[in-house]
Number of protein chains: 2
Amino acid sequence: MEIQQQFEQFLSQRGMKHTNERREIFRAILDMDAPFDVDKLLFYLKQQGEKTSKATIYRTLQLLLESGLLRTISLSPAAARDTLYSLCGKYRAYDHLVCTGCGKVRDIEKQQICLSCQTITKELGYKLESHSLRIFALCPECQAKGIKTC
Amino acid sequence: MEIQQQFEQFLSQRGMKHTNERREIFRAILDMDAPFDVDKLLFYLKQQGEKTSKATIYRTLQLLLESGLLRTISLSPAAARDTLYSLCGKYRAYDHLVCTGCGKVRDIEKQQICLSCQTITKELGYKLESHSLRIFALCPECQAKGIKTC
DNA sequence: ACTTATAATGAGAACGAGTCTCAATTGCAG
DNA sequence: CTGCAATTGAGACTCGTTCTCATTATAAGT
């Protein structure tokens, strides 16, 4: 099924209305080419001539999180600010590689991580739900530029 | 070396003063028995009769982060709020197991994760700095209570 | 199509975690 | 002991996010 239709279906299941705003916000999210933050989304929508309000953006993001189509990435261990969102249908991976030089985020998908999580939880008697791995590393470009991190 | 002395040494190295407030805040952090948030720390200090201001708490936490004695944990994928802090000398692990039932956090330390991170970054030409793994799972107690997560 | 009930929206007020300001206080070198 | 620079406390401020409520839009029933 198309991802747009999954969203429509989710709205129907909840008895929620299929509004223009929700469609436009979701379309904009599909256009994002990397994990994005609210500011980026707001700016993009304004650029497209949409005058969707901040409140509706936040409300729709919340909906998408609940639908499981979208997920958040907590980035730096220092800043709890500036949450990034990532579309699950587009970016399968729940794990991220963060460049400590330029801040660029890319997705990674490694079966071995999942296996480790399974082992760890089983050993401790926990029931695994999900996991999230963030690796902080310097990307090749930043290394070439001679950027060092404090 | 005692961890208290490491902090004192760090202050000296920076030419900073050894104040009562800094000592008391650090003592309170040592008393915390799990990763804690600012509210918990504030409450504990008040309980102890300290009237340290919010601003000083935040300033000292920042100092401790810079010293490398303390680190932050970004917890839930949903809430970017309520940053947790964890003492490095006390809790060695940088990886955490979060119960999706009661929210309890425990530290885990698995060499296999480190190895995976090394492999992944090497493959992509990145230079590994650090990583942070969060596993979300239901703890044995919550399973026994029949708690299910949405 | 036309109503009607009700969900959703927009604008801006409110909230709250964290930061900043600046006058008062404290640590410490001399 | 003194003087001065670093530190502190109290509260103002910031800014991302949420809430409020009057207005608007959707969809079910006629």
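In what follows, chains carry the letters A, B, and so on, assigned in the order in which the sequence lines appear, proteins first and then strands, with residues in each chain numbered from 1. This is a predicted model, so every value here is computed, not measured.
- To the nearest 0.5 Å, atom NE2 of residue A:H18 and atom CZ of residue A:F26 are 12.5 Å apart.
- Taking 3.5 Å as the limit, the base of D:dG9 and the side chain of B:K54 contain no donor-acceptor pair of atoms between them.
- For the OP1/OP2 pair of C:dT9 and a distance below 4.0 Å, the side-chain nitrogens and oxygens of A:T19 include at least one atom meeting the criterion.
- Phosphate proximity of D:dT8 to B:S53: absent, as no side-chain N or O sits under 4.0 Å from OP1 or OP2.
- A side-chain N or O of A:E66 and one of A:Q62 form a donor-acceptor pair less than 3.5 Å apart.
- A straight line from CD of A:E21 to C1' of D:dA25 spans 8 Å, rounded to a whole angstrom.
- Side-chain nitrogen and oxygen atoms of A:R22 include none within less than 4.0 Å of the OP1 or OP2 phosphate oxygen of D:dT26.
- Note that CG of A:L64 is 8.5 Å distant from CD1 of A:I25, once rounded to the nearest 0.5 Å.
- Closest approach to the A:V38 side chain among D:dT8, C:dT9, D:dT17 is made by D:dT17 (side chain taken as heavy atoms from C-beta onward).
- Below the 3.5 angstrom threshold, one finds no donor paired with an acceptor across the side chain of A:K17 and the base of D:dA25.
- Atom NE2 of A:H18 is separated from atom C1' of D:dA28 by 14 Å (rounded to the nearest Å).
- If you measure from atom CG of B:D37 to atom P of C:dA17, you get 10 Å, rounded to the nearest angstrom.
- Protein atom OH of A:Y58 is 17 Å distant from nucleotide atom P of C:dG12, rounded to whole Å.
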Inset, instruction - For the pair A:T121 and A:K127, evaluate side chain to side chain contact (heavy atoms under 4.5 Å, CB included) and give the outcome as yes or no after the intermediate values. - result: CA-CA 6 Å; A:T121 46; A:K127 189 165 158 289; over 6 Å; no
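- One interatomic measurement links the two molecules: NZ of A:K51 to C1' of C:dG10, which rounds to 9 Å at whole-angstrom precision.
- Whole-Å rounding puts the A:N20 CG to D:dA27 P distance at 10 Å.
- Considering only side-chain atoms of B:M16, the nucleotide from C:dG10, D:dT7, D:dA10 that sits closest is D:dT7.
- Between the side chain of B:E50 and the backbone N or O of B:E24 there is no donor-acceptor pair closer than 3.5 Å.
- Straight-line distance from the CD atom of B:Q62 to the C1' atom of D:dT8: 17 Å, rounded to whole Å.
- What separates CZ of A:R59 from P of D:dT18 is a distance of 11 Å, to the nearest Å.
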